[in-house]
J.: 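Quick one: the structure is below, and I'll ask about it shortly.
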Amino acid sequence: MQELLEKIIKDCQPYTEEGRLANYIPELAKANKNALGICVMSDEGRTFCVGDYAVGFTMQSVVKPLILLLALLDKGVEQVCSLVGVEATGKPFDAFNYSDQALTGAHINPMVNTGAIALCTLINGATYEEKFERLLSLAKRMTGNPNLSLDTSVYLSEKATGHKNRALAYMLKAYGMIHEEVEDVVDLYFRACSIKVDCKDLANIARILADQGVDRKTGERIIEAEYTRYINAIMTTSGMYDGSGEFAFNVGIPAKSGVGGGIMAVVPRRMGIGIYAPALDKKGNSVAGRKALELLSKQLGLSIF
Ligand code: GLU
């Protein structure tokens with residue numbers, strides 16, 4: 001495996017030149033465009049890391065499965081499903097793809113911004129500070145990393161510029177789907193997106209999702225299998241934004257990408273994968289990261305289809 005990953009890194013390095021760093025959140029444009037790292041954690045608990053796997057980056061949309069998970073843990077499937085749907089939008093992650101006449105849960109997907117912002121309101125906590133702390137502590141459990149923290153520069157950068165997300169939240173409020181103060185809700189969302197991780201952290205979350213919620217190293221059940229099925233299914237249809245269909249076809253595993261350049265990929269019952277390469281394609285997916293997953297999937301026959 002180590003050898004295979006090293007070859008994949010070498011073959012994919014040129015692809016880091018093809019993409020562009022996200023710059024609509026100014027702080028993200030400071031990343032090293034040529035970085036590329038992979039971590040694979042296998043079912044038997046073995047870990048393989050190559051390249052820039054230890055470089056820290058912000059989760060961005062990779063946190064969306066965790067927001068969904070915490071909403072499920074706090075409020076259950078029924079309440080989550082009454083607020084958000086499961087259909088792929090086929091539109092960019094921050095699109096206003098809703099008709100003027102109606103906005104209902106069926107139009108909102110938790111793997112894109114509107115759905116994730118809506119789900120922030122289902123997280124338990126007396127204050128928004130407490131809600132964030134609860135999300136961070138879930139992230140610490142799922143990554144197995146007690147040192148996980150907020151990247152304050154990225155958080156402040158997004159808070160200063162994230163007006164489109166504010167607009168999406170106001171739209172949710174206009175349609176009566178959220179009732180809280182917009183600034184509080186988006187602040188939680190911006191902080192969630194700014195949790196700093198590395199490839200190992202993402203691989204560890206993915207390995208637990210791959211093992212139906214059980215941490216095989218300790219035998220402890222972290223989450224209900226019912227929730228991992230929900231999350232893995234929705235990552236399959238919508239985790240790679242409006243590139244999810246092509247990704248399902250060519251790579252064939254549940255995955256979630258983020259504009260920070262991370263991809264978390266779940267190979268059910270086999271492995272968890274974390275990838276970092278911050279240069280993105282037009283849809284917001286890591287170019288080299290996506291290519292690396294495709295090569296890995298083809299070499300090891302990982303497609304679930
Ligand atoms: N924080 C980013 C935003 O809301 C996340 C987008 C993404 O990674 O897709 O714009």
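Both counts, for ligands and for their atoms, begin at 1 and track the order of listing.
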J.: Identify the closest protein heavy atom to atom 7 (C) of ligand 1: which residue and atom is it, and at what distance?
T.: Ser61 OG, 2.7 Å

J.: Count the heavy atoms of every other residue, nucleotide or ligand shown that sit under 6.0 Å from CD of Glu181, and state whether that count exceeds 12.
T.: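 Not buried by this count: 12 neighbours or fewer within 6.0 Å.
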
J.: Any idea which atoms of ligand 1 are less than 4.0 Å away from a heavy-atom of Cys193?
T.: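 Every atom of ligand 1 under 4.0 Å from some heavy atom of Cys193: 1 (N).
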
J.: Closer than 3.5 angstrom, by distance alone: can the side chain of Glu130 be matched with the main-chain N or O of Ala126 as a donor-acceptor pair?
T.: yes

J.: Of the protein's non-hydrogen atoms, which lies at the shortest distance from atom 4 (O) of ligand 1, and what is that distance?
T.: Tyr189 OH, 2.6 Å

J.: For the residue pair Lys256 and Tyr241, would you count it as a cation-pi contact if the rule is NZ or CZ under 6.0 angstrom from the ring centre and within 45 degrees of the ring axis?
T.: yes

J.: Numbering the atoms of ligand 1 from 1, which are under 4.0 Å from a heavy atom of Tyr241?
T.: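 Reading through ligand 1 atom by atom, the close ones are 7 (C), 8 (O), 9 (O).
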
J.: Pull out every atom of ligand 1 sitting under 4.0 Å from any heavy atom of Asn165, numbered as shown with elements.
T.: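 Matching atoms, with element in brackets: 3 (C), 4 (O), 10 (O).
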
J.: Quick one: nearest non-hydrogen protein atom to atom 10 (O) of ligand 1, plus distance?
T.: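 For atom 10 (O) of ligand 1, the nearest protein heavy atom comes out as Tyr24 OH, 2.6 Å.
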
J.: May I ask you to check whether Asn113 has an N/O atom sitting below 3.5 Å from an N/O atom of ligand 1?
T.: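 So ligand 1 has an N or O lying under 3.5 Å from an N or O of Asn113.
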
J.: Quick check with a 6.0 Å cut-off and a 45 degree axis cone: is Lys131 positioned over the face of Tyr128's six-membered ring?
T.: yes

J.: Purely on distance, is any nitrogen or oxygen of Val259 under 3.5 Å from one on ligand 1?
T.: yes

J.: Quick one: are Tyr155 and Ile195 in side-chain contact, heavy atoms under 4.5 Å?
T.: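 No, side chains not in contact.
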
J.: Determine whether more than 12 heavy atoms belonging to other residues, nucleotides or ligands lie under 6.0 Å from atom CD of Glu87.
T.: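 Incorrect, the count does not exceed 12.
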
J.: Testing Lys164, Lys283, Arg166 for salt bridge (charged side-chain N to carboxylate O under 4.0 Å, His left out) with Asp94, which one passes?
T.: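 That would be Lys164; it is the only one of Lys164, Lys283, Arg166 passing the salt bridge (charged side-chain N to carboxylate O under 4.0 Å, His left out) with Asp94.
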
J.: Could you tell me which atoms of ligand 1, counted from 1 in the order shown, lie closer than 4.0 angstrom to a heavy atom of Gln60?
T.: 1 (N), 2 (C), 5 (C), 8 (O)

J.: Report the part of Glu158 in contact with ligand 1, treating N, CA, C, O as backbone and CB onward as side chain, heavy atoms under 4.0 Å; options are side chain, backbone, both, neither.
T.: side chain

J.: Going by the order shown, which atoms of ligand 1 are within less than 4.0 Å of some heavy atom of Gly258?
T.: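 Result: 8 (O).
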
J.: Salt bridge or not for Glu3 and Lys7, using N-O below 4.0 Å?
T.: no

